[in-house]
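These notes concern the structure reproduced below.
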Amino acid sequence: MSKIIQVKDKKFAVSIPEEKIQAEVKRVAAAINRDYAGQEPVFLAVLNGSFVFAADLMREIDIPCEISFVRLASYQGMGTTGEIREIMGLNVDVTGRPVIIVEDIVDTGLTMAHMLDTLKKHNPSSIDICTLLLKPGKLQVSLDVRYCCMEIPNDFIVGYGLDYDGYGRNTKDIYTLCD
Ligand code: IMP
Ligand code: MG
């Protein structure tokens, strides 16, 4: 019997149960603990979607580290036609330090590509991407995702921090849109 929830006007069915999510988060955290031993990484969790994942991931990290919650903001620069992107909330100096970006889901990959470009201007010693979910079928740019908990099909999902129109973030399982 599959669990169905209603989020606003749509129905979603459980696709990744809590136990599976927690096991994959632990697996990725163990890899980070191993790979970053002796370093002091700065985790940059991208709001809003990654707040639940970041909270679970961090509690499995047992090496010295810092975390900052950031947002990628776009605005039109004065006198230019191009879009300017800034990282809001970056209150840790990442200069010369290893950075691990914590993201909820990589879909087209455009958000992460812009994040990498913008972050490089702050001169970290290295940047790795750690995402809870990846939709390989939607990826539009070449992106090196070092840490990925789970790959999923192209369906729309909610839960465990991810939203549909602002709702549905507050579940322990992940749900897929019913057709
Ligand atoms: P990208 O730039 O296309 O990779 O989009 C990444 C962002 O889109 C994520 O950080 C999410 O906020 C959002 N997103 C992509 N797919 C989904 C989904 O299936 N459910 C909820 N949000 C999604
Ligand atoms: Mg996001």
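We count ligands from 1, going down the list as the structure has it; atoms in each ligand are counted the same way.
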field: Ligand-residue contact atoms, ligand 1 with Asp163, heavy atoms, under 4.0 Å
entry: 21 (C)

field: Within reach of ligand 1, part of Lys138 (heavy-atom separation under 4.0 Å)
entry: neither

field: Leu162 neighbourhood, listing ligand 1 atoms whose heavy-atom distance to it stays under 4.0 Å
entry: 21 (C), 22 (N)

message: Using modelled atom types and a 3.5 Å cut-off, is there a donor and acceptor pairing between side-chain atoms of Asp155 and backbone atoms of Cys178?
response: no

message: Quick check on Met88: does its CE atom have over 12 non-hydrogen neighbours (other residues, nucleotides or ligands) under 6.0 Å away?
response: no

message: Pairs of nitrogen or oxygen atoms closer than 3.5 Å, one from Ile157 and one from ligand 1: do any exist?
response: yes

- request: Give the numbers and elements of all ligand 1 atoms closer than 4.0 Å to a heavy atom of Lys135.
  value: 16 (N), 17 (C), 18 (C), 19 (O)

query: When you measure from the side chain of Arg97 to the backbone N and O of Glu40, does any donor-acceptor pair fall under 3.5 Å?
result: yes

task: Hey, can you tell me if Tyr164 and Phe12 have their rings parallel, tilted or perpendicular (30° and 60° cut-offs)?
output: tilted

- prompt: Within the distance-only criterion (no hydrogens, no angle test), does the side chain of Arg169 pair as donor or acceptor with the backbone N or O of Tyr160 below 3.5 angstrom?
  reply: no

message: Under 4.0 Å from a heavy atom of Glu103: which atoms of ligand 1 are those, numbered in the order shown and with their elements?
response: 10 (O)

message: Check this for me - ligand 1, Met112, N or O atoms closer than 3.5 angstrom, yes or no?
response: no

message: When you measure from the side chain of Ser68 to the backbone of Gly89, do you find a donor-acceptor pair of N or O atoms at a distance under 3.5 Å?
response: yes

message: Quick check on contacts: which atoms of ligand 1 are under 4.0 angstrom from a heavy atom of Gly109?
response: 1 (P), 3 (O), 4 (O)

- prompt: Of Val46, Leu110, Ile105, which has the heavy atom at the shortest distance from atom 23 (C) of ligand 1?
  reply: Ile105

- prompt: Any idea which atoms of ligand 1 are less than 4.0 Å away from a heavy-atom of Thr111?
  reply: 1 (P), 2 (O), 5 (O), 6 (C)

query: For the side chain of Asp173 and the backbone of Glu18, is there at least one donor-acceptor N/O pair under 3.5 Å apart?
result: yes

message: Looking at ligand 1, would Val158 count as a contact under a 4.0 Å heavy-atom criterion?
response: no

message: Within a 6.0 Å radius of atom CZ on Phe156, are there more than 12 heavy atoms belonging to other residues, nucleotides or ligands?
response: yes

